[in-house]
Each structure stands twice: as C-alpha cells, then as structure tokens.
Amino acid sequence: MMTSMASRLKVMLAATLGSTLEWYDFFIFAASTVLVFNKVFFPADDPFVGTMLGLGTFAAGFLARPFGGIVFGVIGDRLGRKNTLIVSLLMMGVATVAIGLLPTYDTIGIAAPLLLLLIRIFQGVAVGGEATGALTIVAESMPARNRGFWTSFPMASGPAANVLALGILGLVQLWLGEEAFLAWGWRIPFLLSIVLIALGFWARRQVDESPAFLEIKAETEIAHAPLAEAFATQRISMAKVFFVKAAENTLLYLFSTFVLLLATTRLGLNRAQAIDVVLVASLASLPVILGSGWLGDRIGRRPVMIAGFIGATIAAFALFTLAQGGSPSALYLRAVFALCAHGFLLGGLAPYVTEMFPTRVRYTALSASYQAASVLGGSVAPLIGALLIERTGTPMSVAIYAALMVVPALLVLILTPETRGRAVDGDVSGDPIAGIVGRGDPRQRPQL
C-alpha cells in the first residue's frame, strides 16, 4: 500500500510540475503579447493596431489547440499517457526557446511576425495535449474518494505557471529597466525555458503509466479509433465539457491577460505594477483551487462550480467597472477576488471533466472538447475585450460579455447529474440535457 501511494504521489507531482513548466511557456507568451510583442514584432503608427495584431497571434495558438488535443489524445488512448505527455513537454520547450531567439521586426521585417505566428501555432499544438493529459493520468491514478483534491494539483499548475511567468518577467524588468527590457531583456524568460523543460522531462521520466490504461491494455480493450468512438458514444459529455470549459477559459484570460492591457492603457499603471497585480492575484488563487477540490469531494462538483461561476461573474463586474485612474490598491483587491473566484471554479472542474468519460477514450474525448472550448473562450477573450472597449468606450461591456459566456455553462451544470462517486458507473439515464444534445451509447460508462 505504501509503495502504491508513493507511486500515486509521484504521478501527481510529475504531472503538476510538468504542466506548470509547460503552462509557464504559454503564459510567458500571453503576458508578453500585451507588454512587449505589440511593440517589437508589430510596429504600427496606431498602438491599437499593434495590440490587435499581437492579440491575433496570441489567439492563433488556441486555434491549434484542438488539433493538438486530438492528435495527442488519440496517441494517448492508443499508446499510453506517460510518453505522450513527455513529447508535448519537449515540443513546448523547443517553441518557447525559439521565440527567445527570434529577430524582431526592425531586423528581418515582416518575416518576424510570420515566424512568431508559426511558433505560436506549434505551441498551441503542444499544449493541446498537455492539460488534459495531466488531468487524465492523475485522475486514473488516484482513489475515487479523493479524486477532486488530487486533480486540483495539476489544475493549479496554470495559476502557478502564471505566478512563475509574471514573477520572472517582473524581476527581469526591475533589474534591467523599461528601455533595456523592451530592447532585449524580454528574451530572458523565454530562454530560461531550457532549464525548466529539462527539469520537467526528468520528472516525467520517473513516473509509472496510468493503472487504468494498463488495465484496459492488459484486457485488450484499447480503442482502435478513439476519435470516432468518442464522437459516436460520448457526444453528450463532450458537449457539456465544451460549454463549461469555454466559460471558464473566457474568465481566465479576461482576468489574467486582458487585465494587463486594461491596467496599462486605461488605469494608468506601468508594466511592473500591472504584472504585480496579476502575480499577487494568481498566487492567492492557488490555495483556493486546492481547497475547492477538497470541498468537491465532500459536497459534489456541481455546487462548487456553480458557486465559482456566480462568484466570477460578480467579480467581472467589480473588476471591469473600476474607474479610470483608480487606485492600484482597488485593482489589487478586485483582481484577487476575480482570480480566487475563478480558482474556486477550477477545483470542481478538474474532476468533473475526467469523470465524464470512459478510460478507453478519455484522453481523446476530453482533449477534443476541452481544447475546442479554448478557441471559443480564451483565444478570443482578450481580443474581444479590447474591441469592446474600443467600440463602447467602457469596460462594463467586457463584464457583460463575461456574464453572457457563463450562462450556457450554468445551464449545463443545472441540468447535469452530479459526477462525484462515478468510480465505475457513469450512467446518464434521466439526464435532462441528453434530449437536447443527443444520447450517446449507454454501454460506454466512465471507468477509472
């Protein structure tokens, strides 16, 4: 038993560490998009045009995520979770280091933004299989009664990576100053990825394969066409995950990326102050994620997520109605509230999305729906936020946009049976939403 628990903890730690380092790469790009890239890769007479071009490149990475999710999901369901996660980690590391070495627009002209776009797409493919793969291997390795708590660790890797990324960005900027940071210092956080990815690779090489996957492999029940089987038998669950994830992802990137743009362009903060706001708020959200995962094991996933969505919607109105020129302390408080409400939501989301699918197609079904939702959610959220402010002149429109994205997710959760306790049986009989989406094959029940 001790050996088994030690092995489980090793899986959880390796998955969380690897995800943190891979999301670091993704978030360092996100923060740099609104702080640096709009100036060094997309020079324009109109700052708004440069910002929109930068955010468009940021969005391109999300467009590639469903493709990466499907590719890595199919490989993971056919060949195993462990090696698939190692490959995605290395791909992300190569892409991030390449950005750190990329010449700017002043050096190679239009080739610079085109190469940045290409690398961003490569990043999107890599991260497409990361988040869902880490959740899958942890969920399949941990006991059902504490699945919410354990899966909240890899889910917390996103905010942890944001803290790491923003912390390094802030330190480099403080050390070098604004001018040197914009000239060349922004490259340092990208080049540091070499060390971080090596650490993540070592950690993932030490872990065992998912016990649930090994079991179906031993019983020769591995799906030969995971994608086709997922769409044939799991379309209801995939639709549910899609709507819930799209809302969550919209909130995340409004609260963590768009708020940087808001703080520096409308609220009068400099780059260092804006970075500090999101860093502190992300750090505060970490224990909230773990606590809500623990709570979800006791009261259920649905009440935790519903409370998180409601809290995050309220936070959006509080954050995006802050008066122009408001005090930094007011922004700190509202940003902490926003990301903590989002973190509370994540603790319930982590087990919910893995408990929706059977082992034989879990990686594929989860990745396809999860990453498709990121296109509707996170990819365009900062872009839409910037456009709304430009057209309406008020951040209130961004809060309304966030609230509208949350409505479908709340409807799904209200109409969906609780997933807590679905260790073996995932029967969806009597599910009111099934009649709307179309019922899958009842023989395909989630087994962990």
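What you see is a predicted model; the values in this text were computed from it and never measured. Atoms considered below: every heavy atom in the structure, side chains included; atoms not considered: hydrogens, waters and symmetry mates.
The shortest distance between side-chain heavy atoms of Leu388 and Phe320 does not fall below 4.5 Å. Thr57 is not listed as a side-chain neighbour of Phe37, based on a closest heavy-atom distance of 4.5 Å or more. The closest side-chain heavy-atom distance from Val172 to Leu176 is below 4.5 Å. Counting only heavy atoms from C-beta outward, the side chains of Lys245 and Val353 never approach each other to under 4.5 Å. Ser32 places a side-chain heavy atom less than 4.5 Å from the side chain of Leu169. Within the 4.5 Å cutoff, side-chain heavy atoms of Phe41 are placed close to those of Leu102. Contact annotation: the side chain of Val241 approaches that of Leu366 to within less than 4.5 Å [non-hydrogen atoms, C-beta and beyond]. Under the 4.5 Å side-chain criterion, counting only non-hydrogen atoms from C-beta, Ile119 is not in contact with Phe29.
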Dump the intermediate steps for side-chain contact (heavy atoms from CB on, under 4.5 Å) on Tyr352 and Lys240, then the final yes or no. CA-CA 10 Å; Tyr352 172 82; Lys240 294 174 183 177; 3.9 Å; yes
Could you go step by step and tell me if Phe181 and Val36 meet the side-chain contact (heavy atoms from CB on, under 4.5 Å) rule? CA-CA 9 Å; Phe181 177 76; Val36 179; 3.5 Å; yes
Run the side-chain contact (heavy atoms from CB on, under 4.5 Å) test on Ile86 and Arg205 for me, step by step, so that the C-alpha distance in whole Å, both residues' side-chain angles and the decisive distance to 0.1 Å come before the verdict. CA-CA 8 Å; Ile86 290 175; Arg205 288 282 295 171; 3.7 Å; yes
Using side-chain contact (heavy atoms from CB on, under 4.5 Å), reason through Val71 and Val125 one step at a time and then give a plain yes or no. CA-CA 9 Å; Val71 170; Val125 172; 5.9 Å; no
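Of all heavy-atom pairs between Leu261 and Ala386, the closest is CD2-CB, 3.9 Å. Pairing each heavy atom of Ile289 with each of Ser292, the nearest pair is O-OG, 3.0 Å. The minimum heavy-atom distance linking Met142 with Trp150 is given by the pair CG-CB, 3.5 Å. Here the closest non-hydrogen pair linking Leu135 and Thr151 is CD2-O, 3.6 Å. Between Ala365 and Ser369, the shortest heavy-atom contact is O-OG, 2.8 Å. Closest non-hydrogen pair, Val11 versus Ser141, comes out as CG1-OG, 3.8 Å.
Between the Arg362 side chain and the Thr354 main chain, a donor and an acceptor come within less than 3.5 Å of each other. Proximity of a side-chain donor or acceptor of Arg187 to a complementary backbone N or O of Gly100 within less than 3.5 Å is detected. Not a single donor-acceptor pair under 3.5 Å links the side chain of Gln123 to the backbone N or O of Ala95. Of the possible polar contacts, one joining the Ser237 side chain to the Met356 backbone as a donor-acceptor pair under 3.5 Å is found. In this structure, Ser152 contributes its side chain and Gly293 its backbone to no donor-acceptor pair below 3.5 Å. A side-chain donor-acceptor contact under 3.5 Å links Tyr24 to the backbone of Pro189.
Atom CG of Asn83 sits about 7.5 Å away from atom CD of Glu209, to the nearest 0.5 Å. Note that the CG atom of Leu322 and the CG atom of Leu331 stand 6.0 Å from one another [nearest 0.5 Å]. A distance of 11.0 Å separates OG1 in Thr16 from CE in Met155, rounded to the nearest 0.5 Å. Expressed to the nearest 0.5 Å, how far CD1 of Ile310 lies from CG of Leu345 amounts to 11.0 Å. Taken to the nearest 0.5 Å, the CG atom of Leu115 stands 10.5 Å off from the CD1 atom of Ile110. Thr84 contributes atom OG1, which lies 11.5 Å from atom CZ of Arg78 (distance to the nearest 0.5 angstrom).
With sequence neighbours excluded, the residues satisfying side chain to side chain donor-acceptor pair (under 3.5 Å) with Gln173 are Glu178. Legend: residues meeting ring-ring contact (aromatic ring centres under 6.0 Å, His included) with Phe149, ordered by chain and number and at least two apart, are Phe153. For Phe72, there are no ring-ring contact (aromatic ring centres under 6.0 Å, His included) partners at least two apart in sequence or on another chain. A search for ring-ring contact (aromatic ring centres under 6.0 Å, His included) contacts involving Phe309 returns nothing, not counting sequence neighbours. Taking Thr392 as the reference, Ser397 meet the side chain to side chain donor-acceptor pair (under 3.5 Å) condition, with sequence neighbours excluded. For the side chain to side chain donor-acceptor pair (under 3.5 Å) test, residues two or more places apart in sequence or in another chain that qualify with Asp77 are Arg81, Thr364. With sequence neighbours excluded, the residues satisfying side chain to side chain contact (heavy atoms under 4.5 Å, CB included) with Leu404 are Ile400. Under the rule for a ring-ring contact (aromatic ring centres under 6.0 Å, His included), Phe242 has no partner lying at least two apart in sequence or in another chain. Every residue two or more places apart in sequence or in another chain that forms a side chain to side chain contact (heavy atoms under 4.5 Å, CB included) with Ile299 is listed here: Leu295, Pro303, Val304.
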Compile the donor-acceptor pairs under 3.5 Å between side chains in residues 334-341 and protein atoms, sequence neighbours left out, one pair per line.
residue, atom, partner, partner atom, Å
Arg334, NH1, Ala318, O, 2.7

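By the neighbour-count criterion of 12 heavy atoms within 6.0 Å, atom OH of Tyr401 is densely surrounded, having more than that number from other residues, nucleotides or ligands. Under a cut-off of 6.0 angstrom, the local environment of CZ in Phe231 is sparse, with at most 12 non-hydrogen atoms contributed by other residues, nucleotides or ligands.
Within the structure, salt bridge (Lys or Arg N to Asp or Glu O under 4.0 Å) pairs that include any residue of residues 273-300 comprise Asp297-Arg301 (at least two apart or interchain). Among pairs with a residue in residues 124-133, those fulfilling salt bridge (Lys or Arg N to Asp or Glu O under 4.0 Å) read Glu130-Arg204, at least two apart in sequence or across chains.
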